[in-house]
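Report on the structure given below.
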Amino acid sequence: MIRVRFAPSPTGFPHVGNIRTAMFNWLFARRHGGKFIVRVEDTDQNRLVSGALDSILEALDWLGLQWDEGPNVEGPYGPYFQSQRLRHYESITDQLVKEDQAYYCYCTPERLTCMRKRQQSLKQPTGYDRHCLNLSSPEKDKMHGASKTRVIRFRMPNDRSIILEDLIGGKVSWDSNLLDDFVILKSDRYPTYHLANVVDDHLMEITHVLRAEEWLPSTPKHLMIYQALNWNAPLFGHMPMILGPDKSKLSKRHGATSALEYKEMGYLPEAMINFMALLGWSLDDHTEIFSQQDLVKGFSLDRVVKSAAIFNKEKLDWMNGLYIRSMDLDDLTVRLEDYWKEFPDQALSIPNNVSRDYLLKVVSLIQERLKLLSEAQELTGFFFLDDTDLEIMELIQKGMDAEVTFLALNVTLNELRAMDSFNVQNLEKCLLDINTQLKLSRKQFLGMLRIALTGKKISPPIFETMEVLGRDRCIRRLELARSWLS
RNA sequence: GCCCCCAUCGUCUAGUGGCCCAGGACACCAGCCUUUCAAGCUGAAGAUCAGGGGUUCGAAUCCCCUUGGGGGCACCA
């Protein structure tokens, strides 16, 4: 049984890089009928951010990445919060100390900083100098009694060649002499990441560790802990990073980096999933659009690339528009309503008496013009505004003057009043006739109507728009426009 | 400074020794459509496969070096 995990630390928002890693884990688990576990790495008590975990889980939830074990989903390997698993780490460190594979260190932060500086200036590799390992027994006893702050360090064996067969990167090797005796248990009795992730991955029977490439340099440390404990290490796969447009690690200064910001901006989860999957993975040389099921079916680690990718927002935009266009009208309308409910400041102010039917008609007119859910407000506001609230600017078209415009509005008003059924076909026929009679270009005449009826230079096709608005409102708006002329 | 990773159009990528003087997608440009904006369609442009050495009958594909980029070197994860 394949078991993979996503191990977020609740110290910040759900970064898209992390969320993509979560997604690859999820895909891998689903592809192979395995389990996807969320484990909360809350061992840094100083950096905990309240609400961070909730937003991380919310992001997973938004994207439909359901976990099989983890917060709110009890499983046989719990608890899934590292802060609740301290006894495990303690018993392991006790064992390692007893076996001389780890030792207490009493060095002050000041001494360590100073040591590091010296090494830098001497152009040596930086790392702990084993000062406390080399303490004599009486010295140790003395320090142990006197010092209130002590940590436990892993004793890195000398002269070992450490080899990793990475699932994505291939063979990578390190020389253990370049690795130092790193801390595994902090002075507050919490483990460091290095220890905790090894202990938990083992105890939770994780089979594949798929994590970001930034972890690659610390993997030899983890491998050595597995070895010291005589445990089989899981398989590792290091995912390429996501970079900002300047090719540095994606960060806040590049704009949105939280998955939930994308939700707020009006991206669809299915577009987000599809787009992120293509950042570092491909099925073949031509497939771009995937349903979640296709993705699960087609996903494989050996098609994950090694090189980092730049987050290409233009392509995401295109893809989001594509998904919006391919949706059922009802579905899109429901999505918009949900979106407006969640982000009221981006919502239309829709009067209570608007019928569902009217809403559907409006949405149908903007569906293929929408790239983001958030754009609906700007595109359709005039459908819901009171007639008197329209702002009429530039009513008089190029090559026309107030007089001609006035006349055109007059003629149009008369015809519209007399028209039979107020539908697209009749409107088109009638208005194009008037257009011809008036000897105006379509651009002039229809442009004028557009401004008078919508207050905008850009709108859905004007005949459709008029049908949806209905005769009464069209006539009122044209009358208002006419009155503004004089 | 030390360690590790990476390197194909602006961007995401296909490519695992001959099918490639390199294919697809986004963006860009042009044309068509047209009532504005989109959408759609058609087409164009865009990569001497980072550079240099090898190996081979043959290299984007294998090896080495250089350069460039990235990541890591905490009692953070």
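Everything numeric here is computed off the predicted structure, so don't read it as measured data. Chain identifiers are assigned alphabetically (A, B, ...) following the order of the sequence lines, protein sequences preceding nucleic acid strands; residue numbering begins at 1 within each chain. All heavy atoms count here, side chains included; hydrogens, waters and symmetry mates do not.
Scanning atom types as modelled, no donor and acceptor separated by under 3.5 angstrom connect the side chain of Arg442(A) and the base of U34(B). In terms of polar N and O atoms assigned as donor or acceptor, the side chain of Ser187(A) comes within less than 3.5 Å of the base of C75(B) in a complementary pairing.
The separation of U61(B) from C19(B), taken at their C1' atoms, amounts to 14 Å, rounded to a whole angstrom. C65(B) sits 14 Å from C3(B) when the P atoms are compared, rounded to a whole Å. Taking atom C1' on both nucleotides, A22(B) is separated from C4(B) by 31 Å, rounded to a whole Å. As rounded to the nearest Å, U67(B) and A27(B) have P atoms that lie 39 Å from one another. Rounded to whole Å, the C1' atom of G40(B) lies 37 Å from the corresponding atom of A7(B). Remark: the separation of the P atoms in U48(B) and A60(B) is 13 Å, to the nearest Å. Comparing the P positions of C57(B) and G70(B) gives an interatomic distance of 40 Å, to the nearest angstrom. With C1' as the reference atom, C12(B) and G46(B) are 15 Å apart, rounded to whole Å.
The distance between atom CE of Met241(A) and atom P of C12(B), rounded to the nearest whole Å, is 14 Å. A straight line from NZ of Lys315(A) to C1' of U11(B) spans 9 Å, rounded to a whole angstrom. In this structure, the CH2 atom of Trp215(A) is 15 Å from the P atom of G71(B), given to the nearest Å. Atom-to-atom, CG of Asn197(A) to C1' of A77(B) comes out at 10 Å; the value is rounded to the nearest Å. One can place CG of Leu195(A) at 14 Å from P of C75(B), the figure rounded to the nearest angstrom. Atom CD1 of Ile324(A) and atom C1' of A38(B) are 12 Å apart (whole Å). Atom CG of Asp317(A) is separated from atom C1' of C12(B) by 14 Å (rounded to the nearest Å). Per the geometry, NZ belonging to Lys306(A) stands 13 Å off P belonging to U8(B), to the nearest Å.
Distances were taken from every side-chain heavy atom of Leu279(A) (C-beta onward) to each of A7(B), G71(B), C12(B); the shortest belongs to C12(B). Side-chain atoms of Val305(A) lie closest to A14(B) of the nucleotides U36(B), U35(B), A14(B). Closest approach to the Lys247(A) side chain among G69(B), U35(B), C12(B) is made by G69(B) (side chain taken as heavy atoms from C-beta onward). Of all nucleotides listed (C5(B), G1(B), C6(B)), C5(B) comes nearest to the side chain of Val172(A).
Residues Met400(A) and Met448(A) form a side-chain contact, since some pair of their non-hydrogen atoms from C-beta on lies under 4.5 Å apart.
Between Arg189(A) and C75(B) there is no side-chain polar atom (N or O) within less than 4.0 angstrom of OP1 or OP2. An OP1 or OP2 oxygen of C76(B) is reached within less than 4.0 angstrom by a side-chain nitrogen or oxygen of Lys186(A). Phosphate proximity of C75(B) to Arg116(A): present, with a side-chain N or O under 4.0 Å from OP1 or OP2. Contact annotation: Lys313(A) side-chain N/O to U11(B) OP1/OP2 distance is not under 4.0 Å. Taking side-chain N and O atoms only, Arg303(A) has a distance below 4.0 Å to OP1 or OP2 of G15(B). For the pair Lys371(A) and A39(B), the criterion of a side-chain N or O lying under 4.0 Å from OP1 or OP2 is met.
At a threshold of 4.0 angstrom between heavy atoms, the contacts of Glu368(A) include nucleobase atoms, whether or not backbone atoms are also involved. Within 4.0 Å of Thr43(A), counting heavy atoms only, lie sugar-phosphate atoms of the nucleic acid but no base atom. Within 4.0 Å of Phe311(A), counting heavy atoms only, lies no atom of the nucleic acid at all. No engagement by Pro245(A) is indicated, since no non-hydrogen atom pair under 4.0 Å with the nucleic acid exists. Contact annotation for Ser459(A): base contact, defined as any heavy-atom pair under 4.0 Å involving a base atom.
Residues passing the salt bridge (Lys or Arg N to Asp or Glu O under 4.0 Å) test with Asp433(A), sequence neighbours excluded: Lys429(A).
Nearer to the 5' terminus of RNA chain B, by closest-nucleotide assignment, is the contact made by Arg20(A) (compared with the other of Ile462(A) and Arg20(A)). Between Pro240(A) and Trp318(A), the residue anchored closer to the 5' end of RNA chain B is Pro240(A), taking for each the nucleotide with the nearest heavy atom.
Side chain of His254(A) to main chain of Ser251(A): a donor-acceptor pair is present (N/O by atom type, distance under 3.5 Å, no hydrogens or angles). Side-chain N or O atoms of Glu467(A) include none that pairs as donor or acceptor with a backbone N or O of Glu464(A) at under 3.5 Å. In this structure a side-chain-to-backbone donor-acceptor pair under 3.5 Å is missing from Asp328(A) to Asp331(A).
Aromatic ring centroids of His208(A) and Phe24(A) lie 6.0 Å or more apart. Residues Tyr106(A) and His131(A) place their aromatic rings such that the two centres sit no closer than 6.0 Å.
A 3.5 Å limit on both hydrogen-bonding distances identifies no Watson-Crick or G-U partner for C9(B).
Cation-pi check for Arg153(A) over Tyr128(A) is met; the charged atom lies under 6.0 angstrom from the ring centroid and within 45 degrees of its normal.
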